[in-house]
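The structure appears below as structure tokens.
The shown structure was predicted, so the numbers you read here are calculated from the model rather than taken from an experiment.
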Protein chains: 2
Amino acid sequence: MRLSAPEKLRVHTATIKSVAKAAGVSTATVSRVLTGTDLVGDELRERVLKVVQKLNYQPNRMARGLRGGQRRMIGVIIPDLQNPFLTGVVHGVEAVLYEAGYTLVLGHSGGFPEREQAHLTGLRAEGAAGLILVPDNGDGANYAALAAWEIPVVAVDRVPKGLKVDLVSTDHYEGARQAVAHLISDGYRDIALINGPDGFSVTRERLAGYREALSQAKIPLREAYVIHSDFRQLGGAAAMNQLLDLPKPPQAVLVGNNLMTLGALEAAHKRRVRIPEDLGIVGFDDMPWAASLRPALTVIAQPIEELGRVAARLLLDRLAGKHRPVKQVILPPKLIVRASCGSHPA
Amino acid sequence: MRLSAPEKLRVHTATIKSVAKAAGVSTATVSRVLTGTDLVGDELRERVLKVVQKLNYQPNRMARGLRGGQRRMIGVIIPDLQNPFLTGVVHGVEAVLYEAGYTLVLGHSGGFPEREQAHLTGLRAEGAAGLILVPDNGDGANYAALAAWEIPVVAVDRVPKGLKVDLVSTDHYEGARQAVAHLISDGYRDIALINGPDGFSVTRERLAGYREALSQAKIPLREAYVIHSDFRQLGGAAAMNQLLDLPKPPQAVLVGNNLMTLGALEAAHKRRVRIPEDLGIVGFDDMPWAASLRPALTVIAQPIEELGRVAARLLLDRLAGKHRPVKQVILPPKLIVRASCGSHPA
DNA sequence: ATGAAAGCGCTAACAT
DNA sequence: ATGTTAGCGCTTTCAT
């Protein structure tokens, strides 16, 4: 698709040339005034500034970038714009990046590897200085090109397949272990796990934590109690239904993210399961609505914004030219006990 | 802040020149092959494509844009990245824009007018082809510059001060009217409104709808029942507390957005107010968690993604060069009755 | 301290 | 059908 009138569409904007002419100086002087790279006499500086003001002149970033200048743009790619965990991370990233004078460009893949790819190549063409990535569940082919493209990359929450980069993540193993241990101490024994999709690092780690807590309490693991869902609300509901349809339904469930928890809760309500009497629930992520749910939700809270802030700082370090080995920062989760699980009448 | 080693940082990337040399053709031929503007002989085309592949060449968008080419980037600015209503709108925008081959660059102001300003000038420098804007509550000074900058702009949800542009919005007047009328039909008479901040168009319209419904039922409006809050969770809680502290607290409340509703609900729970027996609640926006709240929430649902889609289409029209007068598209809201209001024992 | 001029990577007008 | 070249708006030597 081409624009209909490419020529006419050109907006008449002030350029460095028009400013120079109006101020009666050379373009170099204007550039110097604006970038502050070199001293300019007070009189000329004044004149230039005045004209810039009057013409509402704004240097063209493309032209600037072209001349080999510093790139001040950071790409951030997340799989889902509507997942509050992810937007929370972005919020943290931005707080730090903005402070450091970088612009953030946000892309999201919506679960389509080709979109992630499109954003990747787009950001490259746009000259992004660095990349913060919450990897989607592709086969890693996406990242092959990224490896060749030598800009700093930091991954958040999940390990990108086939890419050796810095990683910031919560300790999902410990989170799952704590949650299940808490449920056990409440008297629940038949405990299920609604986990993320197969293939994610988070998914593996949570499963490991779940196993550990069970084995610690000498409770055998039942395959039917571990379900792989899709991080989405509908998936959570489907998983819960599947569990409740079992000949021997679980007494408690640990759900692997915020949206799936919402779905699971809804499904339980529909079937008139009483929580926490008939079924205890612990969810991952403490969301603004967690306390207002029916019943108020016990959660494993991740330090969401901190994940983003740390990721941004790691990137800034690399951007500053620090060469150090690839690093993993693992932040601790926190159990927040509310009303969705309680003493089980075992 | 300057990068420490600007020179060394330049990533060695294939350019059109290196491709041309490697393929033994001129740069013009490479350009022609890649843009498809002109026919190129099969043999050369083959050769070029092969080299492009091998060198993993990616045309530099900045250089392209600089040459007066079409701009394919659309800026989207929202006040709050963490408000699911807003991310829902962006989702709708993107669906359409992506289809049309545009890239979306997302910025958010976080309630700071200077950040909105920064994004505006940034997008301008970056050469954005158009802008979709959910205005923040500034004094309109931000948009003065925007008016001079002659690119298409579409506003969503709120009327930007001092800017005459296309607008897409829900019928907030009708939404508020319906909600209050429903509460009245349920037997509630003392009905409060937790509204948005003063100065927003939405705020005015909802107040008008609220007034209309009351006057229709011949219920006098009480000033103390109308509270201006801030669209955030804490604000909603504070407003609810203020209402419940009144000598004569309301029997029902209409809350002006999703996050404030969460806060209001939490505050009511803390004070052990029974809903809907003691207090009926209707909230704006149907969110994924609305049905799982305690109690399930009656809401005025906005066609969130549709708002975004329509906005994107309006922008695409203008981008295609269609000149038509400024237009307002007002979409209908929908009342969804759940359990947070019910027959009131009047 | 200031100006002239080269050149960033690319496309398009002009040659051939 | 292909190559040569000018120039997009800017920064940055290199002169002066």
Taking only residues at least two apart or on different chains, which pairs with a member in residues 22-34 of chain B satisfy side-chain hydrogen bond (donor to acceptor under 3.5 Å, both in side chains)? B:S26-B:T29
Among residues at least two apart in sequence or on other chains, which ones pass ring-ring contact (aromatic ring centres under 6.0 Å, His included) with B:Y143?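 B:Y143 satisfies ring-ring contact (aromatic ring centres under 6.0 Å, His included) with no residue once adjacent residues are dropped.
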Rounded distance [0.5 Å steps], [atom1] in [X] versus [atom2] in [Y]:
X	Y	atom1	atom2	result
B:L319	B:L314	CG	CG	11.5 Å
A:R124	A:L120	CZ	CG	10.0 Å
B:N60	B:R64	CG	CZ	9.5 Å

Quick one, which residues of residues 42-61 of chain A touch DNA chain C with a heavy atom under 4.0 Å? A:L44
Taking only heavy atoms on the protein side, list every residue of residues 17-30 of chain B lying under 4.0 Å from any atom of DNA chain C, sorted numerically. B:K17, B:A28
Quick one: on DNA chain D, does B:G41 or A:T15 contact a more 5' nucleotide (nearest heavy atom)?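 Looking at the nearest nucleotide for each, B:G41 comes out on the 5' side.
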Would you kindly give the [atom1]-to-[atom2] distance between [X] and [N], to the nearest whole Å?
X	N	atom1	atom2	value
A:L34	D:dT12	CG	C1'	15 Å
B:I16	C:dG7	CD1	P	18 Å
B:D38	C:dT11	CG	P	13 Å

May I ask you to evaluate whether A:R64 reaches the phosphate of D:dT11, defined as a side-chain N or O under 4.0 Å from OP1 or OP2?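 Checking A:R64 against D:dT11: at least one side-chain N or O falls below 4.0 Å of OP1 or OP2.
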Minimum side-chain heavy-atom gap A:L34-A:V52 below 4.5 Å: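 They are in contact (side-chain heavy atoms under 4.5 Å apart), so the answer is yes.
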Looking only at the side chain of [X] (C-beta and beyond, no hydrogens), which of the listed nucleotides [options] gets closest?
X	options	value
B:L66	D:dT11, D:dC8, C:dC10	D:dC8
A:T35	D:dC10, D:dT11, C:dT11	D:dT11
A:L39	D:dC10, C:dC10, C:dA1	C:dA1

Compile the donor-acceptor pairs under 3.5 Å between side chains in residues 155-167 of chain B and protein atoms, sequence neighbours left out, one pair per line.
unit_1	atom_1	unit_2	atom_2	d
B:D157	OD1	B:H172	NE2	3.1
B:R158	NH1	B:P135	O	3.1
B:K161	NZ	B:N137	OD1	3.4
B:K161	NZ	B:G138	O	3.2
B:D166	OD1	B:R318	NH2	2.9
B:D166	OD1	B:R324	NH1	3.4
B:D166	OD1	B:K327	N	2.9
B:D166	OD2	B:R318	NE	3.0
B:D166	OD2	B:R318	NH2	3.3
B:D166	OD2	B:R324	NH1	3.1
B:D166	OD2	B:R324	NH2	3.3

Can you name the residues that form a side chain to side chain donor-acceptor pair (under 3.5 Å) with A:E305, not counting sequence neighbours?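 Partners of A:E305 under the side chain to side chain donor-acceptor pair (under 3.5 Å) test: A:H91, B:Q82.
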Between B:R115 and A:E94, is there a side-chain N and carboxylate O pair less than 4.0 Å apart?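 Yes.
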